[in-house]
Amino acid sequence: MNRIGADIGGTFTDVVLETPTRRHSTKVLTTYDAPERALLDGIAILLTEAGLDATDIGLVVHGTTLATNALIERRGAKTALLTTEGFRDVLEMGTESRFDQYDIAMDKPPALVPRDLRLTVRERVAADGGVLLPLDEAGVRDAAEAFKAKGVQSVAIAFLHSYVNPAHEQRAGEILREALPGVTISLSCEVSPEMREYERFSTTAANAYVQPIVASYLGRLEQKLQVLGFGCPLFLMLSSGGLTTVDTAARFPVRLVESGPAGGALFAAGVASERGIDHMLALDVGGTTAKICYIDHGQPQSSQVFEVARVHRFRKGSGLPLRIPVVEMVEIGAGGGSIARIDGAGRLTVGPKSASSEPGPACYGRGGLDPTVTDADLALGRIAPDAFAGGRMVLDTSATDRALLALPGLRQADAPTRALGISEIVDEAMASAARVHAVELGLNMDGRTLVAFGGCAPLHAARVAEKLGLDEVVIPRSAGVGSAVGFLRAPIAYEIARSLHQQLDDFNVDAVNALLSAMTDEAHAIVRHGDATAPRAVRCIAFARYRGQGHEIAIEVPARTLTPADAAVLIEAFETAYRAHYGGLAVRLPIEILTWRVSVATQAPPPERMATPAARTPATPHGHREVLDPGLGEVRQHALYHRANLRPGHTLAGPALIVEDETTTVVSPSFDAHIDGHGYIVMTRRAA
């Protein structure tokens with residue numbers, strides 16, 4: 001089957017077309033005014049290249065930053081909140097924790113819903129689901145009239161304890177839909193049915209805030225694809241690493257916020273399975289950001305909470321919490337378009353602000369005046385100005401030099417020296433982020449393989465590996481469009497979470513089985529809508545803690561009907577996970593579970609492992625280029641190779657540049673490289 005994967009990023013829109021015999025790919029500058037335009041342009045390029053038309057395509061998979069950008073840039077719909085009387089200011093108060101306790105002028109992210117659009121209604125449900133105060137339906141209708149008068153486009157409904165008993169939220173939703181036709185309604189019992197009011201309210205408000213925009217975009221895209229003759233299914237990438245239908249994505253767009261990076265994590269996980277890599281560090285560097293993800297035994301780290309729109313980009317707690325299933329990664333402003341500047345202390349810094357695609361780096365010749373990481377790579381000699389993006393874009397070296405030399409306060413440093421400083425700063429930022437993220441997750445860096453993808457990562461991977469002390473770097477095929485390829489490897493999947501408090505010394509197995517069965521049926525129904533015939537796998541996770549603790553850890557739950565004896569199984573699983581995470585166990589304390597999560601996903605056949613040919617053949621370079629090497633601080637002759645000419649078993653010695661349409665791989669002087677059985681570039685550190 002011919003399939004298309006498309007990833008709309010902050011700078012480039014990556015499109016991949018896979019046929020049974022070949023993979024075609026292209027990168028197109030993202031069009032911010034109408035994101036679907038760049039996507040459709042990229043599809044048209046690949047269809048022409050492959051000699052196919054729309055009717056030959058069997059599947060389109062799409063990931064987008066539209067929801068993320070709307071939250072960050074506050075470009076969402078005019079949104080209101082209806083909540084329980086007395087809880088109007090939950091979005092402002094948060095958890096009352098301070099991410100910087102010593103900053104008396106600390107900025108917090110402003111609430112997505114202003115106070116005048118947050119209204120309350122008399123109703124109350126107890127923590128056990130009992131109704132303490134019936135819903136005041138007249139009060140809901142009064143709120144609807146107030147929302148209508150203020151031109152509200154979307155409403156979030158979040159009542160106290162609705163995750164246990166959703167009846168009041170559901171009835172309020174019915175009333176608002178009748179009174180406010182055309183206004184989208186988000187219920188917290190559907191968006192995030194888990195305990196902790198602030199996170200649940202915040203997630204529901206975010207969903208409502210972006211829902212009209214995302215639903216409109218998806219509707220336009222689906223319509224345009226149909227007009228062009230595409231009769232195939234369109235699936236959307238979820239932040240958790242699964243695929244879902246357009247209808248589900250339009251209902252829960254908050255689950256799309258990390259869809260692009262999740263595709264990259266799946267791409268890297270596939271490489272790990274193909275090469276048998278047990279412990280991997282995935283580095284995805286695009287035009288705007290760098291994403292770092294740890295993958296162990298073929299599975300990316302995952303989380304149930306994600307922060308978006310941080311006021312202080314690298315400070316945990318300074319953003320809006322979204323309680324959604326998401327691939328766990330750290331994201332920093334260190335992409336190809338990250339802008340270099342001199343800060344208030346006279347120091348050279350890079351990012352987090354990006355030149356994006358409009359106007360883009362100075363070398364793009366589109367009006368950008370600020371030097372970026374891509375400009376630095378060009379000035380260092382890593383990028384050929386006439387071979388960027390497969391030769392479809394000619395880079396302006398004189399504009400790069402002007403931008404670099406315009407940086408104040410660097411005395412008489414020439415353009416390449418300034419470029420070297422930019423490159424070293426951004427590489428150290430990526431290495432530092434990887435170290436910190438490993439500590440946060442309780443993971444070890446030793447013995448890991450670095451897998452690099454995204455348009456900018458292969459240019460910097462060897463240097464980042466040197467800084468981290470890693471001995472092996474893998475650059476997969478189609479690395480420059482890795483996230484789009486990852487979309488095509490994703491299963492059709494859906495995850496559902498519900499809160500049900502259980503103490504394992506008083507385990508109510510019937511209540512747990514009823515909950516898990518209902519969740520499994522609901523997830524199966526959504527996955528079945530996408531693919532009714534594919535075999536499916538079920539996975540159950542519980543989030544447990546010692547009684548009195550503030551945070552939980554994930555444990556596996558047998559995906560079957562549980563028995564009372566399984567309480568001991570869950571206790572053992574918790575103690576094993578706790579010991580691995582914290583290095584030991586607490587004094588014997590009761591264990592409790594707060595939240596249960598069920599995921600259902602279609603199953604794909606295991607990847608095929610292809611051995612590297614035993615016979616090794618030195619590859620022949622087609623030329624040489626002078627490149628300023630940051631490790632040595634001097635210009636060295638780098639041999640040039642076209643990746644399309646390299647075959648499994650070919651070897652080459654650094655320093656070298658391996659050029660392909662979407663990116664260039666830098667093999668530093670401390671590494672040698674060979675092409676493995678999958679056609680991947682494998683760099684290994686040269687023995688001292």
Do Glu197 and Glu199 make a side-chain contact, defined as non-hydrogen atoms from C-beta onward lying under 4.5 Å apart? no

Are the ring centres of His551 and Tyr546 closer than 6.0 Å? no

Using the six-membered ring wherever Trp is involved, compare the ring planes of His678 and Tyr680 and label them parallel, tilted or perpendicular (cut-offs 30° and 60°). parallel

Under the 3.5 angstrom rule, does the side chain of Arg200 hit a backbone N or O of Met195 as a donor-acceptor pair? no

Please round to the nearest 0.5 Å and tell me the distance separating atom OG of Ser499 and atom CH2 of Trp596. 11.5 Å

Rounded at 0.5 Å granularity, tell me how far NZ in Lys224 sits from CG in Leu39. 10.5 Å

Are Arg220 and Glu36 close enough for a salt bridge, meaning some N to O gap below 4.0 Å? yes

Quiz question: by atom type and distance under 3.5 Å, do the side chains of Glu328 and Ser302 form a donor-acceptor pair? no

How far apart are the C-alpha atoms of Glu258 and Phe306, what are their side-chain angles, what is the distance that settles it, and do they pass the side-chain contact (heavy atoms from CB on, under 4.5 Å) test? CA-CA 9 Å; Glu258 284 290 276; Phe306 172 73; 3.4 Å; yes

Is the shortest heavy-atom distance from the side chain of Cys540 to the side chain of Arg560 under 4.5 Å? no

Flag, side chain of Asp566 to backbone of Val569, donor-acceptor distance under 3.5 Å: no

Spell out, as yes or no, whether a donor-acceptor pair under 3.5 Å connects the side chain of Ser202 to the backbone of Pro321. yes

Under the salt bridge (charged side-chain N to carboxylate O under 4.0 Å, His left out) criterion, do Glu18 and Arg3 qualify, and how do the steps go? CA-CA 5 Å; Glu18 280 193 350; Arg3 306 180 301 163; 2.9 Å; yes

Would Ser239 and Ser259 count as having a side-chain donor-acceptor pair, cut-off 3.5 Å? no

Report the C-alpha distance between Glu592 and Glu552 in whole Å, list the side-chain angles of each, state the deciding distance to 0.1 Å, and finish with yes or no for side-chain contact (heavy atoms from CB on, under 4.5 Å). CA-CA 9 Å; Glu592 59 185 3; Glu552 304 86 50; over 6 Å; no

Measure the shortest side-chain to side-chain distance between Leu468 and Met445 over non-hydrogen atoms and say whether it is less than 4.5 angstrom. yes

Would you name the heavy atoms of Phe453 and Ala282 that are closest together and state the gap between them? CE2-CB, 4.1 Å

Any side-chain donor near an acceptor of the partner, Ser599 and Arg539, under 3.5 Å: no

Return yes if some donor-acceptor pair links the side-chain N/O of Glu169 with the main-chain N/O of Cys189 below 3.5 Å, else return no. yes

Look only at the side chain of Thr30 and the backbone of Gly9, and say whether a donor-acceptor pair between them is shorter than 3.5 Å. yes

Less than 4.5 Å apart, side chain to side chain, heavy atoms only: is that true for Thr289 and Ile332? no

Taking the side chain as every heavy atom from C-beta outward, state whether Leu52 and Leu17 have any pair of such atoms under 4.5 Å apart. yes

So which heavy atom on Ala479 is nearest to which on Ala452, and how close? CB-O, 3.9 Å

Which of these, Val538, Leu515, Asp521, Ile541, sits in a side-chain contact (heavy atoms from CB on, under 4.5 Å) with Val598? Val538

Closer than 3.5 angstrom, by distance alone: can the side chain of Ser273 be matched with the main-chain N or O of Ala269 as a donor-acceptor pair? yes

Kindly indicate, with the supporting measurements, whether the criterion salt bridge (charged side-chain N to carboxylate O under 4.0 Å, His left out) is fulfilled by Glu194 and Arg323. CA-CA 8 Å; Glu194 301 179 59; Arg323 201 166 185 84; 3.0 Å; yes

side-chain contact (heavy atoms from CB on, under 4.5 Å) between Ser188 and Ile157, worked out: CA-CA 6 Å; Ser188 78; Ile157 302 177; over 6 Å; no

Polar side-chain atom of Arg251 near backbone of Ser186 as donor-acceptor pair, under 3.5 Å: no

Under the criterion salt bridge (charged side-chain N to carboxylate O under 4.0 Å, His left out), I'd like the reasoning laid out for Glu662 against Arg477: C-alpha separation, chi angles, the key distance, then a yes or no. CA-CA 10 Å; Glu662 295 90 8; Arg477 290 182 296 111; over 6 Å; no

Rounded to the nearest 0.5 Å, what separates atom CZ in Phe267 from atom OG in Ser478? 6.5 Å

Is any side-chain heavy atom of Arg23 less than 4.5 Å from a side-chain heavy atom of Val16? yes

Will you find, in the side chains of Thr245 and Thr248, an N or O donor that is under 3.5 Å from an N or O acceptor? yes

Is there side-chain contact between Leu562 and Leu516, with at least one heavy-atom pair below 4.5 Å? yes

Non-hydrogen atoms of Pro476 and Val474 that approach each other most closely: CD-O, 3.6 Å

State plainly whether the residues Arg498 and Glu522 are in salt-bridge range, i.e. N to O under 4.0 Å. yes

Rounded at 0.5 Å granularity, tell me how far SG in Cys293 sits from NZ in Lys291. 11.5 Å

Which atoms form the tightest heavy-atom contact between Val191 and Pro193, and what is the distance? C-CD, 3.8 Å

Step by step, work out the salt bridge (charged side-chain N to carboxylate O under 4.0 Å, His left out) result for Arg547 and Asp505. CA-CA 11 Å; Arg547 189 184 304 165; Asp505 55 2; 3.7 Å; yes

Side-chain donor or acceptor of Arg545 paired with backbone N/O of Gln549 under 3.5 Å: yes

Side chain to side chain, Leu266 and Phe487, heavy atoms closer than 4.5 Å: no

Can you tell me if Lys27 uses its side chain to pair, donor with acceptor, with the backbone of Gly480 under 3.5 Å? yes

Looking only at atom types and distance, does a side-chain atom of Arg536 sit under 3.5 Å from a main-chain N or O of Thr602, one as donor and one as acceptor? no

So does Arg448 pair up with Asp471, basic N to acidic O under 4.0 Å? no

What's the verdict on side-chain contact (heavy atoms from CB on, under 4.5 Å) for Phe201 and Phe159, showing C-alpha distance, side-chain angles and the deciding distance? CA-CA 9 Å; Phe201 284 25; Phe159 292 162; over 6 Å; no

Other residues, nucleotides and ligands only: do more than 12 of their heavy atoms fall within 6.0 Å of CD on Glu572? no

Approximate separation, where rounding is to 0.5 Å, of Ile185 CD1 and Thr204 OG1: 12.5 Å

Show the nearest heavy-atom pair for residues Val600 and Thr520, with the distance to one decimal. CG2-O, 4.2 Å

Kindly give the heavy-atom pair with the smallest separation between Gly129 and Asn165, and that separation in Å. O-ND2, 2.9 Å

Say you draw a straight line from OH of Tyr217 to CG of Leu256; how long is it, rounded to the nearest 0.5 Å? 10.5 Å

